[in-house]
Engineer: 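Structure provided below as structure tokens; questions to follow.
No hydrogens, no waters, no symmetry mates; every other heavy atom, side chains included, goes into these values. Numbering of ligands and ligand atoms starts at 1, following listing order.
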Amino acid sequence: MTDKAKQAASSKGLLQSEDLYRYILETSVYPREPEPLKKIRDVTADHPWAMMGTAPDAGQLMAMLLRLVNAKKTIEIGVFTGYSLLLTALTIPEDGQITAIDVNRETYEIGLPIIKKAGVDHKINFIESEALSVLDQLLKYSENEGSFDYAFVDADKDNYCNYHERLMKLLKVGGIAVYDNTLWGGTVAVPEEQVPDHFRGSSRQAILDLNRSLADDPRVQLSHVALGDGITICRRIF
Ligand SMILES: C[S@@+](CC[C@H](N)C(=O)[O-])C[C@H]1O[C@@H](n2cnc3c(N)ncnc32)[C@H](O)[C@@H]1O
Ligand SMILES: O=c1cc(-c2ccc(O)cc2)oc2c(O)c(O)ccc12
């Protein structure tokens, strides 16, 4: 494996520095992380797919975005054990509502007791389904068009572009969609032949397609942030 590929596969994350990443987490993230979120990270740590959980530094930015847009009606695509869902539920107002979609209820039920104990489960409408059909169902009701303040997309990467087309109709002008994993372990910048096996495949190509599509999309203001596994913030402008 070439040095560049080794670098991309490094466990040091995008910062390429475990010390720097640890500094950010220990100085600015963990001391301010709500206890229920710490608990969800703890119960998720032993899960075989634990690496799929939203990074707490990315979560801190997402909570900031939710507040900046005064989010009240949101969508979550890809729940897993509920870290990003809980941070959204803790951030939106008492009468806020989250349409949370995942094909897997079992992993959601790992975090649900913590969400209930935090007293925010009333804000969540969990739908066990493929996300695309739920978005299409929402669009059958005109009152849903342009009515969502915020969406977090962290599910099957092959559908990200399909989700984006629906979210451009569901989000209000000024609303924000956040896409996770848009740097795919740093391998988006590595030639295909040098990409480590576990980063190869349709998900990486889907992320490359999404990044190109968002860069060319006049409907959004864009910010591609090297945080966690890469997140792209899209603000709908028309
Ligand atoms: C990376 S995890 C989500 C992580 C979560 N945001 C968190 O904070 O821990 C991806 C999730 O997407 C779900 N998923 C995969 N394909 C899906 C689909 N087509 N529709 C809805 N959910 C899907 C998986 O079951 C998994 O729970
Ligand atoms: O390693 C992964 C894999 C996924 C993933 C792939 C395909 C799906 O249908 C759903 C999820 O998502 C990840 C993710 O969101 C993350 O933050 C880290 C790793 C992975």
Side-chain angles (χ1 to χ4, degrees), residues 8-9 11 13-14 29 33-34 36-63 65-66 74-91 98-112 114-115 124-138 150-164 166-167 177-188 195-207 209-210 225-232:
S11 64
L14 294 168
V29 179
E33 184 182 37
L37 287 178
K38 295 183 195 295
K39 289 191 176 67
I40 280 212
R41 274 196 300 114
D42 288 344
V43 299
T44 305
D46 298 331
H47 192 283
W49 306 329
M51 82 291 186
M52 293 208 303
T54 294
D57 54 327
Q60 196 172 54
L61 174 60
M62 286 152 57
L65 293 169
L66 282 158
T74 79
I75 294 174
E76 167 114 347
I77 302 174
V79 172
F80 189 41
T81 57
Y83 187 90
S84 54
L85 178 58
L86 179 54
L87 81 84
T88 302
L90 291 170
T91 307
I98 309 164
T99 299
I101 314 161
D102 202 302
V103 290
N104 186 334
R105 179 181 291 273
E106 200 177 305
T107 47
Y108 173 53
E109 288 174 347
I110 294 170
L112 186 53
I114 298 166
I115 293 170
I124 297 167
N125 173 27
F126 178 82
I127 301 171
E128 183 182 0
S129 170
E130 293 281 343
L132 210 50
S133 56
V134 174
L135 300 183
D136 287 335
Q137 187 64 23
L138 287 171
Y150 174 93
F152 180 51
V153 184
D154 185 19
D156 49 324
K157 317 309 169 188
D158 298 45
N159 264 315
Y160 271 28
C161 282
N162 295 324
Y163 297 148
H164 183 66
R166 278 95 178 150
L167 292 176
V178 178
Y179 296 92
D180 196 16
N181 310 109
T182 55
L183 292 175
W184 203 240
T187 62
V188 291
V195 172
D197 290 348
H198 60 283
F199 283 105
R200 284 192 186 185
S202 64
S203 291
R204 176 176 174 275
Q205 188 54 56
I207 292 294
D209 295 345
L210 174 82
V225 182
L227 194 60
D229 190 31
I231 63 171
T232 300

Engineer: Between ligand 1 and A131, is the shortest N or O to N or O distance under 3.5 Å?
Structural biologist: yes
Engineer: Nearest heavy atom to atom 15 (O) of ligand 2: which of D154, N159, D158 does it belong to?
Structural biologist: D154
Engineer: Could you tell me whether a side-chain N or O of D102 sits under 3.5 Å from a main-chain N or O of F80, the two making a donor and an acceptor?
Structural biologist: yes
Engineer: So, does W184 use its side chain to make a donor-acceptor pair with the main chain of S203 at under 3.5 Å?
Structural biologist: no
Engineer: Hey, is ligand 1 close enough to L85 that some N/O pair sits below 3.5 Å?
Structural biologist: no
Engineer: Nearest 0.5 Å please: distance from the CG atom of D156 over to the CD atom of E130.
Structural biologist: 6.5 Å
Engineer: For ligand 1, which atoms sit closer than 4.0 Å to a heavy atom of Y163?
Structural biologist: 18 (C), 19 (N), 20 (N)
Engineer: Do V79 and F126 touch side chain to side chain, with heavy atoms closer than 4.5 Å?
Structural biologist: yes
Engineer: List every atom of ligand 2 that sits less than 4.0 Å from any heavy atom of N181, numbering the atoms from 1 in the order shown and giving each element.
Structural biologist: 14 (C), 15 (O), 16 (C), 17 (O), 18 (C)
Engineer: Which ligand 1 atoms are under 4.0 Å away from a heavy-atom of S129?
Structural biologist: 20 (N), 21 (C)
Engineer: Tell me: protein heavy atom nearest atom 19 (N) of ligand 1, and distance?
Structural biologist: E130 OE1, 2.7 Å
Engineer: When rounded to the nearest 0.5 angstrom, what distance separates CG in L112 from OG1 in T107?
Structural biologist: 11.0 Å
Engineer: Under 3.5 Å, side chain of Y160 to main-chain N/O of A206, donor-acceptor pair present?
Structural biologist: no
Engineer: If we ignore hydrogens and angles and just use 3.5 Å, is the side chain of Y163 paired with the main-chain N or O of D154 as donor and acceptor?
Structural biologist: no
Engineer: Considering heavy atoms of the protein only, find what lies nearest to atom 10 (C) of ligand 1 and give residue, atom and distance to 0.1 Å.
Structural biologist: D154 O, 3.1 Å
Engineer: Where is the nearest protein heavy atom to atom 1 (C) of ligand 1: which residue, which atom, and how far?
Structural biologist: M52 O, 3.4 Å
Engineer: Should you measure from each heavy atom of A155, which atoms of ligand 2 turn up under 4.0 Å away?
Structural biologist: 10 (C), 11 (C)
Engineer: Which bit of T54 is near ligand 2, meaning a heavy atom under 4.0 Å away: side chain, backbone, both or neither?
Structural biologist: neither
Engineer: Suppose I only count heavy atoms of D180 and a 4.0 Å limit; which atoms of ligand 2 are within that range?
Structural biologist: 17 (O)
Engineer: Who's closest to atom 24 (C) of ligand 1 heavy-atom-wise, of V153, N104, D102?
Structural biologist: D102
Engineer: What's the separation between atom CG in L132 and atom CD in Q137, rounded to the nearest 0.5 Å?
Structural biologist: 12.0 Å
Engineer: Run the side chain to side chain contact (heavy atoms under 4.5 Å, CB included) test on I101 and L135 for me, step by step, so that the C-alpha distance in whole Å, both residues' side-chain angles and the decisive distance to 0.1 Å come before the verdict.
Structural biologist: CA-CA 10 Å; I101 314 161; L135 300 183; 4.3 Å; yes
Engineer: Closest non-hydrogen protein atom to atom 1 (O) of ligand 2, residue and atom name please, with distance?
Structural biologist: M51 CE, 3.6 Å
Engineer: Examine S203 against ligand 2 and note whether any of their N/O atoms are separated by less than 3.5 Å.
Structural biologist: no
Engineer: When you compare ligand 1 with T54, is there at least one nitrogen or oxygen pair between them that comes in under 3.5 angstrom?
Structural biologist: yes
Engineer: Decide whether an N or O pair under 3.5 Å exists between K157 and ligand 1.
Structural biologist: no
Engineer: For ligand 1, which atoms have a heavy atom of F152 less than 4.0 angstrom away?
Structural biologist: 6 (N)
Engineer: Answer yes or no: is there a donor N or O on one side and an acceptor on the other, between the side chain of D229 and the main chain of G185, under 3.5 Å?
Structural biologist: yes
Engineer: Mind checking whether F80 has an N or O less than 3.5 Å away from an N or O of ligand 1?
Structural biologist: yes
Engineer: A side-chain contact here means heavy atoms from C-beta on lying under 4.5 Å apart; do I75 and L138 qualify?
Structural biologist: yes
Engineer: Does D229 reach ligand 2 with a nitrogen or oxygen that is under 3.5 Å from one of the ligand's nitrogen or oxygen atoms?
Structural biologist: no
Engineer: Are D136 and R166 close enough that some pair of their side-chain heavy atoms sits under 4.5 Å apart?
Structural biologist: yes
Engineer: How close does the nearest protein non-hydrogen atom get to atom 5 (C) of ligand 1, and which residue and atom is it?
Structural biologist: V79 O, 3.2 Å
Engineer: Near K157, which atoms of ligand 2 are under 4.0 Å from a heavy atom of that residue?
Structural biologist: 4 (C), 5 (C), 12 (O), 14 (C), 15 (O)
Engineer: Taking distance alone, with no angle check, do T107 and ligand 1 share an N/O pair under 3.5 Å?
Structural biologist: no
Engineer: Any atoms of ligand 1 less than 4.0 Å from a non-hydrogen atom of Y83? List them with their elements.
Structural biologist: 8 (O)
Engineer: Tell me, do V43 and T81 make a side-chain contact under 4.5 Å, heavy atoms counted?
Structural biologist: no
Engineer: Does any non-hydrogen side-chain atom of I115 lie less than 4.5 Å from one of Y108?
Structural biologist: yes
Engineer: Provide, to 0.1 Å, the distance between atom 18 (C) of ligand 1 and the closest protein heavy atom, together with that atom's residue and name.
Structural biologist: D156 OD1, 3.4 Å
